[in-house]
Enquirer: 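Structure incoming, see below.
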Amino acid sequence: MSDKHAILENMTSRRAVREFTGEPVSDDDLFTIIQAGRFASSGGNLRPHRFFVTRDPEKIRQIKAFSPGMVARPPAIVAILIDHDQVAEQWVSIDPSMIIYVDVGTAAQNIMNAAHALGLGSCPVTSYSKSGVKAVLGLPERMSVEMLIMAGHYERKARVVNPGAPKPVRTRELTSWETYGNHDPA
Amino acid sequence: MSVQGKIEKPALTEDQAMQLIAFLTSSAEITLQEPVHYGPLRLIDAVSRVIGFMLENGVCDDQGFYRDLKSEIDTKKLWCMWDKPAFYQFLRETPAKIATEVVTRDSTRLAASGERPS
């Protein structure tokens, strides 16, 4: 498989993983996936995001306590933070929030794709108490926690399609060519 | 439920209660911005967590009832992601199931104490 196809295959085969083995994630792997996040596109190249990594079981237990959407206890968590002082100092727009969240999203997607490329499972978590997790992580006032990403080794299982699941969305149906509603390029 | 002469163990330890407090206060915060059906999801998930602690602490007279209820909740709560009508139906049916159990237990307890025939 060419590099080009390997990258595309990696992007389209990644799935959210919510069950992890207890195997620890290495420092190298965590550094690699965070580096992928750091290389994500950023509005105005301002890069207001920071990364907080924990593998401490006690801290993970505390984060999970304030994260109703975290259904697993992963061996590692990467929190994507925003430095609001940096945003206030550098930003030129009246409302930076949209670009901030786009930056969080691009970094998160790079992190999850990189994790998948390394054979790790990952899953984003947004259902958590921002104030609770911030306090658990001991962050300064200017920082906010914008997304949590669970990461860890996992056992590959056959994909189960739930009987009531909605029909998969096709790329063609999402796409208009030249005129809205025209789903074919011709 | 209290039974005369039985030494009651607490259903939750302080640490477990604190975990529930963290879960419920976090849920209260995040439901301000989450989809509306996540509210019921968090509540029913809290029930599962309470039962989990009770089973862990060995305070259930009838472990089977609680174990089955927890198992059912843990399976059907996920329906909110792909089959909302079935999830809502499950929510509507669950209190009746628990009410039936409460009535049965109360009748048995009262009959045993001689207060009222079962």
Side-chain angles (χ1 to χ4, degrees), chain A residues 15-19 54 56-73 77 79-80 82 97-98 100-101 104-105 123-139 144-150 157 159-169, chain B residues 12-57 70-93:
Chain A
R15 298 286 182 275
V17 172
R18 296 184 178 87
E19 285 179 55
T54 182
D56 174 4
E58 184 58 20
K59 199 175 287 291
I60 288 171
R61 189 184 73 83
Q62 292 168 346
I63 293 171
K64 185 170 157 48
F66 289 92
S67 305
M70 188 173 284
V71 295
R73 188 176 292 180
I77 293 175
I80 303 179
I82 288 289
S97 61
M98 187 187 78
I100 287 173
Y101 296 130
V104 170
C123 184
V125 178
T126 56
S127 294
Y128 58 88
S129 164
K130 281 193 167 190
S131 59
V133 173
K134 179 176 175 173
V136 166
L137 299 183
L139 301 179
S144 65
V145 185
E146 299 300 338
M147 191 181 288
L148 302 173
I149 299 176
M150 302 190 285
K157 294 177 182 169
R159 197 167 174 221
V160 177
V161 178
N162 297 296
K167 277 182 12 185
V169 178
Chain B
L12 302 177
T13 65
E14 185 177 355
D15 180 62
Q16 290 165 339
M18 188 59 98
Q19 286 183 52
L20 275 176
I21 289 167
F23 176 84
L24 288 168
T25 53
S26 297
S27 295
E29 179 193 346
I30 63 179
T31 48
L32 292 172
Q33 72 249 2
E34 288 195 319
V36 68
H37 60 280
Y38 277 35
L41 167 66
R42 301 302 177 211
L43 287 171
I44 205 75
D45 196 16
V47 173
S48 167
R49 288 166 190 247
V50 170
I51 296 172
F53 290 140
M54 290 167 67
L55 290 169
E56 198 177 310
N57 297 341
K70 178 171 169 50
S71 171
E72 186 177 13
I73 291 172
D74 290 345
T75 300
K76 295 183 178 176
K77 70 183 181 187
L78 301 176
W79 289 358
C80 76
M81 304 301 284
W82 59 78
D83 192 350
K84 289 186 187 67
F87 174 62
Y88 297 152
Q89 188 59 30
F90 163 62
L91 294 178
R92 290 186 189 101
E93 290 169 353

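These numbers come from a predicted model, not from an experiment. Side chains are part of it too, since the values below use all heavy atoms of this structure and drop only hydrogens, waters and symmetry mates.
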Enquirer: To check you understand the geometry: which heavy-atom pair defines the closest contact between A:Ala65 and B:Ser26, and what is its length?
Expert: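 Smallest heavy-atom distance, with atoms named: O-OG, 4.3 Å.
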Enquirer: May I ask you to check whether over 12 heavy atoms, not counting those of A:Glu19, lie within 6.0 Å of atom CD?
Expert: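 No, not enclosed.
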Enquirer: Can you sort out the partners of B:Thr25 under side chain to side chain donor-acceptor pair (under 3.5 Å), two or more places apart, ordered by chain and number?
Expert: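 Checked B:Thr25 against side chain to side chain donor-acceptor pair (under 3.5 Å); zero matches.
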Enquirer: To check you understand the geometry: which heavy-atom pair defines the closest contact between B:Glu29 and A:Ser131, and what is its length?
Expert: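 Scanning both residues completely, I find the closest heavy atoms to be OE1-OG, 3.4 Å.
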Enquirer: Non-hydrogen contacts under 4.5 angstrom with chain A: give the residues of residues 75-86 of chain B involved, or none if there are none.
Expert: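 Answer by number: B:Trp82, B:Asp83.
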Enquirer: Residues of residues 31-39 of chain B under 4.5 Å from chain A (heavy atom pairs)?
Expert: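 Within residues 31-39 of chain B, the residues under 4.5 Å from chain A are B:Glu34, B:Tyr38.
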Enquirer: Sub-4.5 Å heavy-atom contacts with chain A: which residues of residues 13-22 of chain B show up?
Expert: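 B:Asp15, B:Gln19, B:Ala22, listed by number.
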Enquirer: Kindly give the heavy-atom pair with the smallest separation between A:Ser129 and B:Ile30, and that separation in Å.
Expert: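 In this case the closest contact between A:Ser129 and B:Ile30 is N-CG2, 3.9 Å.
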